[in-house]
**Student:** 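Sharing a structure, written as structure tokens. Questions coming.
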Amino acid sequence: MTVKNDTDWKPGSFADDDGHFRRPEAKIRNFVSAVPDSDFPAEANRYVLYVHYACPWAHRILIVRVLKGLEDIIEVVELDKADEIGWAFSGTTGPDKDPRYGFTHLRDLYLKAFPEWNGRSSVPVLWDTKKETIVSNNASEILEMVYSEFDVFIPEEKREATKGEARFLPLTLKNELDTFRDFAYHNINDGVYKVGFASTQKAYEDSLFPLFEALDKVEEQLADPSHQPYLFGKNITDADIRLFSTLIRFDVSYFSSFKCNLKMIRYEYPRLHLWLRNLYWDPENKFNGAFRDTVRFQLYKEQYAFATVSPVYPKGPIPHILPL
Ligand SMILES: N[C@@H](CCC(=O)N[C@@H](CS)C(=O)NCC(=O)O)C(=O)O
């Protein structure tokens, strides 16, 4: 079996030669820290998050940035196009070039930081404007930095250390959240990609059934009052943040473009559907638009069709999301 080199990827051909998609690991893994004399100390307006709004891994960080009120502390730069070189600037919904360096592609930023770079140029990227380098391209670790390391810039009641049980990562739930994160990552978050990018029938089915078994399991878990209204009870945790960005794309993109089509969230998963709409519609106005305003349904429909090299994107389902 040959595993693809990072540089061999192109839309429509993401799988290894056994038909299975294996996501390359994010290789740049430094950390912004609240500790002032660390290599990358937390500072206001020093770090920039590069995203494409279709990317679910970047989406989680955008959500937490708004939930925590860090919009004026961490700048966001949007790449709004993809071509054969990778993520690019088009000027349609984001800037027409990199605001600092005038680059046309995210790849140029990787090359500025690492002139020998020959890996994938993936989003999200956390850029350090002082050292002019990439701090991290590991979405999960950037998310955890944003949970806590910039807390000195926000009001006390929003800080991870003072939120007690309402933390994104409450200490009392550590084991459960770690287990859920790994289970959801392999079967659901990355699971949809393993299904969507499989290039043999066997590889497709090998990931398709575990994906729906995992969704069934989470649906079952939500029946338990200790898992309501959010996945681990009365407060939003890391688990909700990580699952939301996948399930909000599910009916509009993964179902059709990725052939994750045994069931739809809206018709066959009533509890997950309610959970999803509660976060999105936010009837009690608790989230400051963190979920709804960071969602781009039309972009998902177009971008996932592009990733699977379809010249046509699925028009439905309409509406993109049902009311509460
Ligand atoms: N392994 C990355 C995942 C990020 C990722 O795969 N991003 C996708 C978009 S959803 C990407 O940029 N793919 C384009 C590419 O690899 O060229 C991480 O853990 O942060």
Side-chain angles (χ1 to χ4, degrees), residues 3-16 20-32 49-64 76-89 94 103-111 113-114 117-127 134-147 181-182 184-186 188-197 238 241-250 252-254 257-258 260 294-296 299-309:
V3 175
K4 270 203 157 67
N5 285 323
D6 279 3
T7 41
D8 290 345
W9 273 28
K10 51 182 181 316
S13 111
F14 295 116
D16 296 333
H20 286 272
F21 167 68
R22 294 177 183 84
R23 182 175 299 280
E25 55 179 286
K27 299 196 171 88
I28 310 169
R29 301 181 60 186
N30 301 300
F31 291 85
V32 170
L49 184 68
Y50 283 78
V51 300
H52 186 283
Y53 272 81
C55 174
W57 320 105
H59 188 180
R60 299 155 163 186
I61 306 166
L62 290 168
I63 292 170
V64 173
V76 165
V77 171
E78 179 188 359
L79 295 123
D80 58 359
K81 197 183 137 188
D83 61 21
E84 59 290 342
I85 299 174
W87 299 118
F89 296 98
F103 297 146
T104 55
H105 288 83
L106 182 65
R107 178 155 196 82
D108 303 324
L109 197 74
Y110 274 78
L111 287 169
F114 305 102
W117 184 258
N118 66 354
R120 309 296 314 159
S121 312
S122 58
V123 284
V125 161
L126 191 63
W127 180 258
I134 297 176
V135 181
S136 173
N137 71 346
N138 182 300
S140 187
E141 291 172 355
I142 300 173
L143 181 68
E144 290 179 12
M145 294 172 217
V146 177
Y147 279 156
R181 183 194 56 223
D182 292 346
Y185 176 80
H186 290 295
I188 303 176
N189 307 127
D190 199 39
V192 295
Y193 285 89
K194 292 191 243 182
V195 174
F197 290 156
D238 181 59
I241 303 292
R242 289 177 191 261
L243 194 63
F244 178 85
S245 69
T246 295
L247 291 202
I248 199 69
R249 288 160 174 73
F250 200 93
V252 295
S253 287
Y254 299 145
S257 290
F258 276 7
C260 299
T294 53
V295 168
R296 303 283 185 274
L299 181 70
Y300 305 157
K301 288 182 171 177
E302 294 172 18
Q303 186 60 38
Y304 284 97
F306 172 83
T308 51
V309 206

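Counting starts at 1 for both ligands and their atoms, following the listed order. Note that the coordinates shown come from a computational prediction; the quantities given were computed from them, not determined experimentally.
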**Student:** Would a 4.5 Å heavy-atom cut-off, applied to side chains only, mark Phe258 and Arg249 as touching?
**Tutor:** no

**Student:** Looking only at heavy atoms, which two atoms of Val64 and Leu143 are closest? And how far apart?
**Tutor:**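 Looking at all heavy atoms of both residues, the closest pair is CG2-CD1, 3.7 Å.
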
**Student:** Looking at every non-hydrogen atom in both residues, tell me the closest pair between Pro56 and Ser245 and how far apart they are.
**Tutor:** O-OG, 3.0 Å

**Student:** Out of Ala139, Ala82, Ala54, indicate the one that has the non-hydrogen atom closest to atom 18 (C) of ligand 1.
**Tutor:** Ala139

**Student:** Using 30° and 60° as the class boundaries, would you call the ring planes of Phe197 and Phe14 parallel, tilted or perpendicular?
**Tutor:** tilted

**Student:** Does the N or O separation between Tyr193 and ligand 1 drop below 3.5 Å for any pair?
**Tutor:**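 Such a contact does not occur with ligand 1.
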
**Student:** Do the side chain of Tyr304 and the main chain of Ala54 share a donor and acceptor less than 3.5 angstrom apart?
**Tutor:**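 Yes; at least one donor-acceptor contact below 3.5 Å.
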
**Student:** Can you tell me if Pro56 has a non-hydrogen atom under 4.0 Å from ligand 1?
**Tutor:**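 Contact check Pro56 vs ligand 1: positive.
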
**Student:** Return the option from Val123, Ile61, Leu79 holding the heavy atom at the smallest distance from atom 8 (C) of ligand 1.
**Tutor:** Val123

**Student:** May I ask you to check whether Pro124 has an N/O atom sitting below 3.5 Å from an N/O atom of ligand 1?
**Tutor:** no

**Student:** Which ligand 1 atoms does Cys55 reach within 4.0 Å, using its non-hydrogen atoms?
**Tutor:** 7 (N), 9 (C), 10 (S)

**Student:** May I ask you to check whether Arg120 has an N/O atom sitting below 3.5 Å from an N/O atom of ligand 1?
**Tutor:** yes

**Student:** Would you mind telling me if ligand 1 is within reach of the side chain of Arg23, the backbone, both or neither, using heavy atoms under 4.0 Å?
**Tutor:** side chain

**Student:** With under 30° as parallel and over 60° as perpendicular, where do the rings of Phe21 and Tyr193 fit, or are they tilted in between?
**Tutor:**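 Geometry flag for Tyr193 against Phe21: tilted rings.
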
**Student:** List the steps and the verdict of salt bridge (Lys or Arg N to Asp or Glu O under 4.0 Å) for Glu84 and Arg107.
**Tutor:** CA-CA 11 Å; Glu84 59 290 342; Arg107 178 155 196 82; over 6 Å; no

**Student:** State whether the shortest distance between N or O atoms of Ser122 and N or O atoms of ligand 1 falls below 3.5 angstrom.
**Tutor:**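 In fact, backbone or side chain, Ser122 has no N or O that close.
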
**Student:** Parallel, tilted or perpendicular: which fits the ring planes of Trp117 and Tyr110, with parallel below 30° and perpendicular above 60°?
**Tutor:**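 If you compare the ring of Trp117 with that of Tyr110, the planes turn out tilted.
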
**Student:** Quick one: which ligand 1 atoms are inside 4.0 Å of a heavy atom on Pro24?
**Tutor:**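 Selected atoms, number and element: 1 (N).
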
**Student:** For ligand 1, which atoms have a heavy atom of Asn138 less than 4.0 angstrom away?
**Tutor:** 20 (O)

**Student:** Show the atoms of ligand 1 that are less than 4.0 angstrom away from any heavy atom in Trp87.
**Tutor:**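 Contacts of ligand 1 toward Trp87, numbered from 1: 9 (C), 11 (C), 12 (O), 13 (N), 14 (C).
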
**Student:** Could you check if a side-chain atom of Val123 sits within less than 4.5 angstrom of a side-chain atom of Leu49, using non-hydrogen atoms only?
**Tutor:** no

**Student:** Please classify the Asn137 to ligand 1 contact at 4.0 Å (heavy-atom distances, strictly less than): side chain, backbone, both or neither.
**Tutor:** backbone

